[in-house]
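Reading through the structure tokens given below for one structure.
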Amino acid sequence: MNGFILVAHGSRRAAANEEIAAFAHSLSTSMAGRFALMGHAFWELAEPTLEQAIDQQVAAGARDIRLFPYFLAEGKHVVKDLPSVLVQKREQYPDVNLTLLPHLGALPGFADWLGHQL
């Protein structure tokens with residue numbers, strides 16, 4: 001079974017975290033059929049944490065999980081923090097394939113798409 005987790009920063013503002021949860025839900029609708037499990041996680045300041053989201057999907061039967069960093073730039077969280085969690089979780093779940101996808105700002109065509117939207 002495969003899973004997808006959208007990973008955002010997290011905020012002290014509950015409304016911002018709810019916006020991410022709603023966006024992840026909308027994304028799951030548009031990606032229906034591609035992933036058996038869809039979820040979201042926050043790096044800090046909110047739950048579920050990335051660790052919790054991975055644990056939940058593994059407990060639900062996921063054996064291939066893709067993590068999408070919902071970050072515009074390749075900052076510390078994208079380069080260091082998220083990969084360090086994957087190292088830990090790969091040790092904890094050696095039979096689960098965890099893949100860190102390119103962050104939002106690095107997606108091919110993102111700048112062109114955004115330019116057309118504005």
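Put simply, Leu72 and Phe68 are part of the same group of oily side chains (I, L, V, M, F, W, Y) that touch within less than 4.5 Å, one to the next. In the hydrophobic clustering of ILVMFWY residues, with side-chain heavy atoms under 4.5 Å counting as a link, Val7 and Val87 come out apart. Hydrophobic clustering (side-chain heavy atoms under 4.5 Å, transitive across Ile, Leu, Val, Met, Phe, Trp, Tyr) keeps Val85 apart from Phe4. Side-chain heavy atoms closer than 4.5 Å link hydrophobic residues (I, L, V, M, F, W, Y) into clusters, and following such links, even through other members, never connects Leu37 to Tyr93.
For the pair Pro69/Leu100, a side-chain contact is recorded, criterion being any heavy-atom separation below 4.5 Å from C-beta on. With a 4.5 Å cut-off on side-chain heavy atoms, Arg66 and Asn97 do not count as touching. Residues Leu27 and Thr29 are not in side-chain contact: their nearest non-hydrogen atoms beyond the backbone lie 4.5 Å or more apart. With contacts defined as side-chain heavy-atom distances shorter than 4.5 Å, the pair Val96/Ile65 qualifies. For the pair Ser11/Glu19, no side-chain contact is recorded, criterion being any heavy-atom separation below 4.5 Å from C-beta on. With contacts defined as side-chain heavy-atom distances shorter than 4.5 Å, the pair Phe42/Ile20 qualifies.
The residues Lys76 and Asp81 are annotated as salt-bridged, a charged nitrogen and a carboxylate oxygen being separated by less than 4.0 angstrom.
Nearest heavy-atom pair, Ala24 versus His40, reported as atom, atom and distance to 0.1 Å: CB-CB, 3.7 Å. Considering every non-hydrogen atom in both Ala73 and Val78, the closest pair reads O-CG2, 3.6 Å. Between Val58 and Arg63 the shortest heavy-atom distance is O-NH1, 3.6 Å.
In this view, Asp55 and Lys89 satisfy the salt bridge (Lys or Arg N to Asp or Glu O under 4.0 Å) rule, not counting sequence neighbours. For His9, the ring-ring contact (aromatic ring centres under 6.0 Å, His included) criterion is met by His77, not counting sequence neighbours.
Rounding to the nearest 0.5 Å gives a distance of 9.0 Å between CG of Leu50 and CD of Gln88. In this structure, Ile5 CD1 and Leu101 CG are separated by 11.0 Å, a value rounded to the nearest 0.5 Å. The OH atom of Tyr70 sits 4.0 Å away from the CZ atom of Phe23 when rounded to the nearest 0.5 Å. Expressed to the nearest 0.5 Å, how far CG of Asp95 lies from CZ of Arg90 amounts to 14.0 Å. The distance from the OG1 atom of Thr99 to the CG atom of Leu86 is 8.0 Å, given to the nearest 0.5 Å. In this structure, the separation between CE on Met38 and CE on Met31 is 4.5 Å, given to the nearest 0.5 Å.
Judged purely by atom type and a 3.5 angstrom limit, Asn2 uses its side chain to pair as donor or acceptor with the backbone of Arg34.
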Go through Ile54 and Leu98 one step at a time and tell me if the side chain to side chain contact (heavy atoms under 4.5 Å, CB included) criterion holds.
-> CA-CA 9 Å; Ile54 291 170; Leu98 297 167; 4.3 Å; yes
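By the 30° and 60° cut-offs, the orientation of the rings of Phe110 relative to Trp113 is parallel.
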